[in-house]
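Working notes, beginning with the structure itself.
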Amino acid sequence: MLKGKTALVTGSTSGIGLGIAKGLARQGAHVVLNGFGDSQGPCAEVRAAAAQAGHDVRVEYHGADMSRPADIEDMMAFAARELGRVDILVNNAGIQHVANTEDFPVERWDSILAINLSSAFHTTRLALPAMKAANWGRIINVASVHGLVASAQKAAYVAAKHGVVGLTKVVALETATTGVTCNAICPGWVLTPLVQKQVDAKAAAQGISIEAATRQLLGEKEPSMQFTTPEELAELAVFFCSSAANNVRGVAWNMDGGWMAQ
Ligand code: NAD
């Protein structure tokens with residue numbers, strides 16, 4: 001379905017971003033990965049996912065730090081140079097920090113706002129001109145249920161994710177008469193390293209097992225008592241890229257085991 005298209009997924013060396021990169025490659029898209037840590041393993045995984053689906057796609061990597069606008073500009077120029085253009089932009093990179101507001105470290109606030117929110121502004125402003133010129137583009141922002149509701153001790157994350165949902169709507173309006181769409185995905189709990197850290201902290205704080213902490217974490221928010229998977233989120237991203245979603249604009253689509261239905 002996406003044969004010949006090109007995608008850039010930020011924060012795709014792990015978790016949800018890697019899952020979405022694989023999902024897009026499985027549909028035949030060439031992909032630029034980004035993120036910290038090992039890049040060769042994730043690149044090989046994405047190539048293998050494409051090959052399994054019968055596609056021979058190009059997979060490139062750029063290690064831009066999403067808190068740095070100059071790095072982001074370099075990454076966007078790299079993607080345009082290597083793959084010709086960016087048809088599908090997935091703004092996914094994100095970090096978390098959990099603390100009461102009065103104790104929230106100022107530098108963590110600044111980095112969460114930069115990585116989880118401002119980076120999406122920078123990639124989007126740099127991707128839009130070519131998308132508009134081609135009259136086709138997909139911007140998919142990985143927000144969170146925390147873009148729609150709050151949880152205690154997540155001031156920076158909740159503020160940034162609400163900001164991402166707002167940015168999504170603005171860009172959707174500005175592109176409404178074009179073939180470019182912008183939408184947000186709002187996952188509930190997904191068992192990635194970002195959430196595993198929160199499970200581990202809960203287990204340590206209460207002296208309970210990882211299994212008990214996991215059940216407690218899910219039980220507080222997700223009626224389904226199940227994690228959403230990166231593969232399920234990738235399928236939603238693929239849907240946003242499909243022609244069936246040509247007129248899906250500015251939505252914040254939660255996939256959250258019933259979290260938001262309460
Ligand atoms: P993760 O920790 O598994 O992956 C985060 C990715 O972002 C990694 O590739 C990491 O290297 C990259 N990254 C972090 N800081 C970066 C920086 N400064 N520059 C470039 N890359 C950077 O986390 P995840 O759970 O897969 O989270 C991905 C996105 O999904 C985040 O925006 C997160 O807020 C969102 N999300 C996650 C959940 C969840 O339950 N896991 C729920 C809702 C939303």
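In listed order, ligands and their atoms are each counted from 1. Predicted, not measured: the structure shown is a model, and the values here were computed from it.
- Against a heavy-atom cut-off of under 4.0 Å, Asn34 is close to the following atoms of ligand 1: 20 (C), 21 (N).
- Not a single heavy atom of Ser111 lies less than 4.0 angstrom from ligand 1.
- With a heavy-atom cut-off of 4.0 Å, Ala64 touches ligand 1 through its backbone alone.
- Remark: minimum distance from atom 23 (O) of ligand 1 to any protein heavy atom is reached at Leu194 CB, 3.4 Å.
- Checked by atom type, the side-chain pair Thr10/Asn91 shows no donor-acceptor distance below 3.5 Å.
- A donor-acceptor contact closer than 3.5 angstrom is absent between the side chains of Gln96 and Lys197.
- Closest of all the heavy-atom pairs between Ala237 and Ile20 is CB-CG2, 4.0 Å.
- Less than 4.0 angstrom separates some heavy atom of Ser12 from each of these atoms of ligand 1: 9 (O).
- For the pairing with Met66, the side chain to side chain contact (heavy atoms under 4.5 Å, CB included) check across Asn92, Ile72, Asp71 returns one residue only, Ile72.
- Between the Asp65 side chain and the Ser67 main chain, a donor and an acceptor come within less than 3.5 Å of each other.
- Between Glu73 and Arg125, at least one side-chain N (NZ, or NE/NH1/NH2) sits under 4.0 Å from a carboxylate O, which counts as a salt bridge.
- Put simply, no part of His146 is less than 4.0 Å from ligand 1, judged by heavy atoms.
- Neither the backbone nor the side chain of Thr10 comes within 4.0 Å of ligand 1, counting heavy atoms alone.
- With distances taken over non-hydrogen atoms, the option nearest atom 1 (P) of ligand 1 out of Ala93, Ser14, Gly35, Gly11 is Ser14.
- The shortest non-hydrogen separation linking Gln27 to His55 is C-NE2, 3.8 Å.
- Less than 4.0 angstrom separates some heavy atom of Thr13 from each of these atoms of ligand 1: 8 (C), 9 (O), 11 (O).
- Between Thr181 and Thr175 there is no side-chain heavy-atom pair separated by less than 4.5 Å.
- When hydrogens are left out, the protein atom nearest atom 43 (C) of ligand 1 is Pro187 O, 3.3 Å; that is the closest non-hydrogen contact.
- Between Arg85 and Gly4 the shortest heavy-atom distance is NH2-O, 3.4 Å.
- Annotation for Trp259 and Ser151: closest pair CZ2-OG, 4.2 Å, computed over non-hydrogen atoms.
- Each of the following atoms of ligand 1 lies closer than 4.0 Å to a heavy atom of Pro193: 3 (O).
- Heavy atoms of Gln96 found under 4.0 angstrom from ligand 1: none, in either backbone or side chain.
- Considering backbone and side-chain N/O of Ile16, one or more are found under 3.5 Å from N/O of ligand 1.
- The shortest non-hydrogen separation linking Val190 to Leu233 is CG2-CD1, 3.8 Å.
- Near Trp189, with a cut-off below 4.0 Å to any heavy atom, the atoms of ligand 1 are 40 (O).
- Heavy-atom contacts of Val195 reach the following atoms of ligand 1: 39 (C), 40 (O), 41 (N) (cutoff under 4.0 Å).
- Remark: minimum distance from atom 42 (C) of ligand 1 to any protein heavy atom is reached at Gly188 O, 3.0 Å.
- No side-chain heavy atom of Val86 sits under 4.5 Å from any side-chain heavy atom of Thr123.
- Taking only non-hydrogen atoms, the option from Gly63, Gly15, Pro42, Gly94 nearest to atom 5 (C) of ligand 1 is Gly94.
- The closest approach between a heavy atom of Phe227 and any atom of ligand 1 is not below 4.0 Å.
- For a threshold of 3.5 Å applied to N or O pairs, the pair formed by Thr192 and ligand 1 contains at least one separation below that value.
- Ile140 places a side-chain heavy atom less than 4.5 Å from the side chain of Cys241.
- From the protein, the heavy atom lying nearest to atom 11 (O) of ligand 1 is Phe36 N, 2.8 Å.
- The shell of residues lying under 4.0 angstrom from ligand 1, judged by heavy atoms, includes Ala143.
- Scanning both residues, Ala143 and Lys161, for their nearest heavy atoms gives O-NZ, 3.5 Å.
- Closest to atom 18 (N) of ligand 1, if we only count protein heavy atoms, is Asp65 OD1, 2.9 Å.
- Here is the list of ligand 1 atoms found below 4.0 Å of a heavy atom in Ile95: 14 (C), 15 (N).
- The nearest heavy-atom contact from the protein to atom 34 (O) of ligand 1 is Tyr157 OH, 2.5 Å.
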Review point. Hey, mind stepping through Val32 and Glu82 against side-chain contact (heavy atoms from CB on, under 4.5 Å) and telling me if it holds?
Key: CA-CA 9 Å; Val32 177; Glu82 292 298 319; 5.8 Å; no
Review point. Given Asn34 and Ser12, is the side chain to side chain donor-acceptor pair (under 3.5 Å) satisfied, shown in steps?
Key: CA-CA 5 Å; Asn34 156 260; Ser12 46; 5.7 Å; no
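- The closest approach between Gly37 and ligand 1 stays at or above 4.0 Å for every heavy atom of the residue.
- Distances from atom 31 (C) of ligand 1 to the heavy atoms of Val190, Asn92, Leu117 put Asn92 nearest.
- Residue-ligand proximity, Ile115 to ligand 1, at heavy-atom distances under 4.0 Å covers atoms 18 (N).
- Residue Met66 places at least one N or O, backbone or side chain, under 3.5 Å from an N or O of ligand 1.
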